Every structure is written in C-alpha cells, then in structure tokens.
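Just below is one structure, and these are the notes that go with it.
Since this is a predicted model, take the numbers as computed values, not measurements. Chain letters run A, B, ... following the sequence lines, proteins first, then strands; residues in each count from 1. Only this structure's heavy atoms are used, side chains among them; waters, hydrogens and symmetry mates stay out.
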2 protein chains.
Amino acid sequence: MGVTKSDNFSIEQNQIAEFAKAFAHPARVAIIQHLLETQTCICNDLVKVLPLSQSTISQHLNELKRIGLIKGAIDGPKVCYCIDLDVWERAKGLLRNILESIKGCC
Amino acid sequence: MGVTKSDNFSIEQNQIAEFAKAFAHPARVAIIQHLLETQTCICNDLVKVLPLSQSTISQHLNELKRIGLIKGAIDGPKVCYCIDLDVWERAKGLLRNILESIKGCC
DNA sequence: AACTTTAATCGTATTATTGCGATATATCAA
DNA sequence: TTGATATATCGCAATAATACGATTAAAGTT
C-alpha cells in the first residue's frame with residue numbers, strides 16, 4: 001500500500017527512524033551542520049549558503065521542526081532557528097545506543 | 001523537480017545522509033536490531049519476526065546491502081546476513097561526529 | 001504610504017519509497 | 001523425481017518526498 005506500517009513497530013523503533021530521517025537528506029545534514037557551526041541562531045543565511053530555493057529550504061526547516069531537532073524564534077520579520085538541545089540529546093542517546101551496541105560479527 | 005540534488009552537497013554530507021537512511025525506517029531499524037542481537041548471521045527468521053511480507057523484507061535487506069551496512073553470505077538455499085563491521089564503524093564515526101559536535105545553543 | 005526583506009504556504013510536477021502478491025529460481029530433503 | 005524451503009525479482013498500486021515558482025503575509029525602512 002505504500003505506507004510505512006509504523007503501528008507494527010515499537011515506539012523506540014519509530015523514534016529512531018524519525019530522528020534518522022532528519023539526517024537522511026544531504027540538504028538537512030547541511031542545515032544541521034550550519035546550525036551547529038553558527039551555534040547562535042541563524043535565519044535565512046541558509047538561502048545564500050545552500051544551493052536550494054527559499055521554499056525548499058523552508059520545507060526542510062519545517063521537517064526538522066516537526067521532528068523536533070530544531071526550534072524557531074520569531075525576531076521581527078526573521079525567524080531564528082537553533083538546535084533544540086533536549087531533543088538533540090534524546091536523538092543522540094537513541095542513535096548512539098544502537099550504533100554502539102555491536103559486539104562482533106560473523 | 002523531485003530529485004534529491006546530491007551533486008550540490010559534499011561527499012561527507014551525502015554519506016551521512018545515506019547511512020542515516022538505513023535507520024530512517026522502523027522496519028530497517030528492527031532488522032538491524034535483530035542482526036545486532038543475534039550477532040551471528042541470520043536469514044529469514046526476519047519473515048517470522050517482522051510484520052511484513054517476505055518480498056518487502058527482502059527489499060529492505062537489499063537496501064541495507066546497497067548502503068553497505070550489511071552483507072549476505074550464501075549458505076545453500078539460505079542467505080545469511082550480518083553487519084559489515086568496517087562500514088558500520090564508518091557510519092558510527094560519521095554519525096557520532098555530527099551528533100557530538102554540539103557545543104551549546106541559543 | 002510605498003518599498004524591501006523575510007519566510008511561510010500553495011500549486012504542481014517529478015521521482016522515490018513502501019508494500020504485497022505472484023512468479024521464478026535454487027537448494028535441500030524425501 | 002517430487003516436494004518443501006528460502007530468496008530474489010517483477011509488476012503493480014498507493015503514498016511520501018523533493019523541488020521550484022508564484023503568491024501571501026508580516027515586519028521593518030524610507
């Protein structure tokens with residue numbers, strides 16, 4: 001049917017998948033890296049930095065906001081985005097947990 | 001146009017996105033977790049364990065193989081899959097690197 | 001008030017992803 | 001040889017994701 005059958009998997013599995021999705025596109029990786037570098041919030045410098053249109057970047061930002069990894073603060077006509085530390089830590093924990101749970105292999 | 005514009009991003013950004021994609025679906029998370037648990041290779045126990053059809057699971061396995069995180073060894077009529085340690089370590093390094101590069105926030 | 005900047009959203013086109021049944025193939029067991 | 005088991009692949013359908021231009025809306029600026 002084409003739809004991800006989320007219901008059949010655990011909450012944790014869905015959460016991991018959701019966080020991973022944030023990093024599953026090079027444009028979103030670039031956005032996140034930029035936010036990590038500038039540390040302090042940025043707004044639409046991204047439009048100048050990334051090879052994508054304003055509307056596309058806005059969509060990616062919205063997706064990251066939906067996932068929870070970033071949050072935006074309105075500042076006049078601008079919106080300053082930054083990493084949401086709490087959510088980031090949860091994502092880090094979940095992903096680190098699965099990445100480091102390897103003990104050996106065949 | 002609907003296509004991810006990979007060319008406009010760095011190799012590293014694309015690699016991170018590619019590895020993240022492996023985890024960006026609950027079914028693949030479940031498959032990976034199962035492979036991590038059983039440690040030794042498994043084949044199509046997955047069909048019995050996961051709420052998905054054989055063909056769908058085969059597709060997910062193929063996607064993971066394409067990304068490189070797992071490899072399959074033919075054993076008679078079966079195929080035993082397991083984590084590819086080298087690739088896994090590279091994925092771990094890249095993802096850990098970005099996840100831990102946060103210094104603070106607004 | 002007119003203009004600029006910023007950003008979200010709408011509409012649309014295109015491609016990717018997810019999923020399943022059916023089928024094909026290969027190996028092993030009886 | 002016949003049958004069972006294990007997998008991959010094909011064909012199809014439906015939904016999701018990516019991207020852009022155009023438009024809208026809000027907040028400053030002149």
Original post:
For the pair made of CG in B:Leu52 and P in C:dT18, what is the distance, rounded to whole Å?
Top reply: 11 Å
Original post:
Whole Å only: how far is the CD1 atom of A:Ile42 from the C1' atom of C:dT5?
Top reply: 16 Å
**OP:** Sequence neighbours left out, what passes salt bridge (charged side-chain N to carboxylate O under 4.0 Å, His left out) with B:Arg96? Give chain and number order.
**Re:** A:Glu100
Subject >> Most 5' of A:Gln54 and A:Ala24 on DNA chain D, judged by nearest nucleotide >> reply: A:Ala24
Subject >> Under 4.0 angstrom between A:His25 side-chain N/O and D:dA19 OP1 or OP2 >> reply: yes
Subject >> For B:Asn44, side chain to side chain contact (heavy atoms under 4.5 Å, CB included) partners two or more places apart >> reply: B:Leu46, B:Val47, B:Gln54, B:Ile57
Original post:
Does OP1 or OP2 of C:dA7 have a side-chain N or O of A:Asn44 closer than 4.0 Å?
Top reply: yes
**OP:** Using a heavy-atom cut-off of under 4.0 Å over every strand shown, decide if B:Lys48 touches base, sugar-phosphate, or nothing.
**Re:** nothing
**OP:** Return no unless some side-chain N or O of B:Lys21 is found under 4.0 Å from OP1 or OP2 of C:dT17.
**Re:** yes
**OP:** Report the relative orientation of the aromatic rings in A:Phe9 and B:His25; use parallel for angles under 30°, tilted for 30 to 60°, perpendicular for over 60°.
**Re:** perpendicular
**OP:** Look up atom CG in B:Leu61 and atom CD1 in B:Ile70, then write down how far apart they are to the nearest 0.5 Å.
**Re:** 5.0 Å
Subject >> Check: C:dG19 base within 3.5 Å donor-acceptor of B:Ser53 side chain >> reply: no
Original post:
Is A:Ser58 near enough to C:dA8 that one of its side-chain N or O atoms lies under 4.0 angstrom from OP1 or OP2?
Top reply: yes
Subject >> Side-chain N or O of A:Thr56 closer than 4.0 Å to phosphate OP1/OP2 of D:dA19 >> reply: no
**OP:** Please identify each residue that fulfils ring pair (Phe, Tyr, Trp, His ring centres under 6.0 Å) with B:Phe19, with sequence neighbours left out.
**Re:** none
Original post:
Going by number, which of residues 61-82 of chain A have a non-hydrogen atom under 4.0 Å from DNA chain D?
Top reply: A:Gly76, A:Pro77
Subject >> Step-by-step side-chain contact (heavy atoms from CB on, under 4.5 Å) determination, B:Leu50 to B:His34 >> reply: CA-CA 10 Å; B:Leu50 299 187; B:His34 199 275; over 6 Å; no
Subject >> Distance below 4.0 Å between B:His60 side-chain N/O and C:dT17 OP1 or OP2 >> reply: no
**OP:** Go through the steps for B:Val29 and B:Gln33 under the test side-chain contact (heavy atoms from CB on, under 4.5 Å), then give the verdict.
**Re:** CA-CA 6 Å; B:Val29 172; B:Gln33 285 177 333; 3.8 Å; yes
Original post:
How many angstroms lie between CG in A:Leu69 and OH in A:Tyr81, if you round to the nearest 0.5 Å?
Top reply: 14.0 Å
**OP:** Have a look at the helix from C:dA1-D:dT30 to C:dA30-D:dT1 and give the angle its two end axes make, five pairs each, rounded to 10 degrees.
**Re:** 10°
**OP:** Mind checking side chain to side chain contact (heavy atoms under 4.5 Å, CB included) for A:Ile102 and listing every partner two or more places apart, or none if nothing turns up?
**Re:** B:Leu36, B:Ile83, B:Leu85, B:Trp88, B:Glu89, B:Lys92
